[in-house]
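This report concerns only the one structure given below.
What you see below is based on every heavy atom in this structure, not just the backbone, and it leaves out hydrogens, waters and symmetry mates.
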Amino acid sequence: MRAVQRTADDARSELSGTVTVSTPPALAVHCLAAPLADLQRRHPQLVVRIIGEARHSSLDLREADIAVRLSRPHEGDLTITKIGEIDFRLFASPGYLANTVERDWRFVGYDGASTRAPQQAAIEKFAVGRPFSLYASSLEIQQAAVRAGAGIAALPDFMGISDEKLVPVPPGVSLISREIWLVVHSNLKRSAPIRAVSQRIREIFAAG
């Protein structure tokens, strides 16, 4: 039945219907929501569903039509394209750095499914035994904690650089770079709505 549905979806040529995009929450908020909302306004018959989630929705089970991932999937009948990279840096509030000597720095880390993220391993290596003061399950919570003086966190540039209440530690140095992957089930890649949303996502990260 899923194969039949995909064939029907693939046959659509007009920009109408619903396209579901699965993406990490921070990317949904800071990178995808506004441009995809603009795309929808230009195509009123198109409906875009954005699922911000740490887990990976199954494209085979039609939990999502398109996925944006920071790690490359290796299973499923998928068309996978690298569309960019994201730099993570260490960020802290200026007040925290002014009032805390380097040997006493504390860190803000990842909780839940993200504890195995490469940026968590990188910040643990940088900390070299210095303690973590707080763990959080989302980047937005980490950002808020760092702004409040909880310590130093590994945040993507699209969150940290534009935040006037944070500064990079040390300036100009990237902690780690993550690849961004666009994933579409191969049976859907010729669908006009899927192509349109996929192309807009490519443009977002190409511009960045």
Side-chain angles (χ1 to χ4, degrees), residues 20-34 49-59 61 63-64 66-75 84-170 173-183 201 205 208:
T20 301
V21 181
S22 170
T23 178
L27 284 180
V29 172
H30 296 274
C31 301
L32 296 178
R49 295 178 64 235
I50 303 175
I51 305 175
E53 55 185 356
R55 80 180 187 96
H56 286 185
S57 290
S58 171
L59 273 65
L61 297 178
E63 293 178 338
I66 298 170
V68 179
R69 298 283 178 250
L70 297 186
S71 56
R72 191 185 193 282
H74 295 286
E75 297 180 358
E85 295 184 353
I86 295 174
D87 284 336
F88 284 75
R89 301 176 199 270
L90 297 175
F91 289 93
S93 69
Y96 181 83
L97 295 179
N99 296 321
T100 311
V101 297
E102 185 171 345
R103 68 174 179 273
D104 293 332
W105 283 352
R106 290 176 174 262
F107 296 86
V108 175
Y110 291 76
D111 192 24
S114 297
T115 56
R116 296 184 297 276
Q119 58 268 28
Q120 176 65 21
I123 194 173
E124 289 175 356
K125 181 178 179 180
F126 183 90
V128 289
R130 287 171 292 188
F132 280 72
S133 61
L134 188 147
Y135 293 92
S137 59
S138 78
L139 285 168
E140 289 82 4
I141 298 173
Q142 290 188 38
Q143 182 182 27
V146 171
R147 294 177 76 182
I152 298 171
L155 300 175
D157 277 358
F158 62 77
M159 293 178 69
I161 294 295
S162 61
D163 191 331
E164 296 179 353
K165 295 187 177 181
L166 299 180
V167 293
V169 185
V173 177
S174 173
L175 178 69
I176 189 173
S177 182
R178 299 288 307 273
E179 296 174 329
I180 310 170
W181 299 92
L182 180 69
V183 187
I201 292 173
F205 292 106

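Asp104 places no side-chain N or O within 3.5 Å of a backbone atom of Thr100 that could act as its donor or acceptor partner. Proximity of a side-chain donor or acceptor of Arg130 to a complementary backbone N or O of Glu102 within less than 3.5 Å is detected.
Contact check for Val29 versus Glu140: side-chain heavy atoms found under the 4.5 Å cut-off. A 4.5 Å side-chain heavy-atom check between Pro156 and Leu139 finds at least one atom pair inside the cut-off. Inter-residue side-chain proximity for Val68 and Val183 is flagged as unmet; no heavy-atom pair is nearer than 4.5 Å. Gln120 has its side chain within reach of Glu124: a pair of non-hydrogen atoms, C-beta onward, lies under 4.5 Å apart. Looking only at side-chain heavy atoms (C-beta outward), Glu179 and Arg72 stay at 4.5 Å or farther from each other. In this structure the side chain of Leu166 reaches within 4.5 angstrom of the side chain of Val146, judged on heavy atoms. At least one side-chain heavy atom of Phe158 sits less than 4.5 Å from a side-chain heavy atom of Cys31. Side-chain contact between Ile161 and Leu155 is absent, with no heavy-atom pair separated by less than 4.5 Å.
Across Leu32 and Phe205, no two heavy atoms sit closer than the pair CD2-CE1, 3.9 Å. Scanning both residues, Pro25 and Gly52, for their nearest heavy atoms gives CG-C, 3.7 Å. Nearest heavy-atom pair across Gly149 and Ser93 is CA-OG, 4.2 Å.
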* Apply side chain to side chain contact (heavy atoms under 4.5 Å, CB included) to the pair Asp163 and Phe91, showing each step before the final yes or no. => CA-CA 10 Å; Asp163 191 331; Phe91 289 93; over 6 Å; no
* To do: In sequence, state the C-alpha distance, the side-chain angles, and the governing distance for Arg178 and Arg69, and then conclude on side chain to side chain contact (heavy atoms under 4.5 Å, CB included).
  => CA-CA 10 Å; Arg178 299 288 307 273; Arg69 298 283 178 250; over 6 Å; no
* Asked: Does the side chain to side chain donor-acceptor pair (under 3.5 Å) test come out yes or no for Asp111 and Ser137, once each step is laid out?
  -> CA-CA 5 Å; Asp111 192 24; Ser137 59; 5.9 Å; no
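Qualifying ring pair (Phe, Tyr, Trp, His ring centres under 6.0 Å) partners for Phe132, counting only residues two or more places apart in sequence or in other chains: Phe107, Tyr135. With sequence neighbours left out, the side chain to side chain donor-acceptor pair (under 3.5 Å) criterion links Thr20 to Arg49. Partners of Arg106 under the side-chain contact (heavy atoms from CB on, under 4.5 Å) rule, at least two apart in sequence or in another chain, are Tyr96, Pro131, Ser133.
A distance of 11.0 Å separates CD1 in Ile123 from CD1 in Ile176, rounded to the nearest 0.5 Å.
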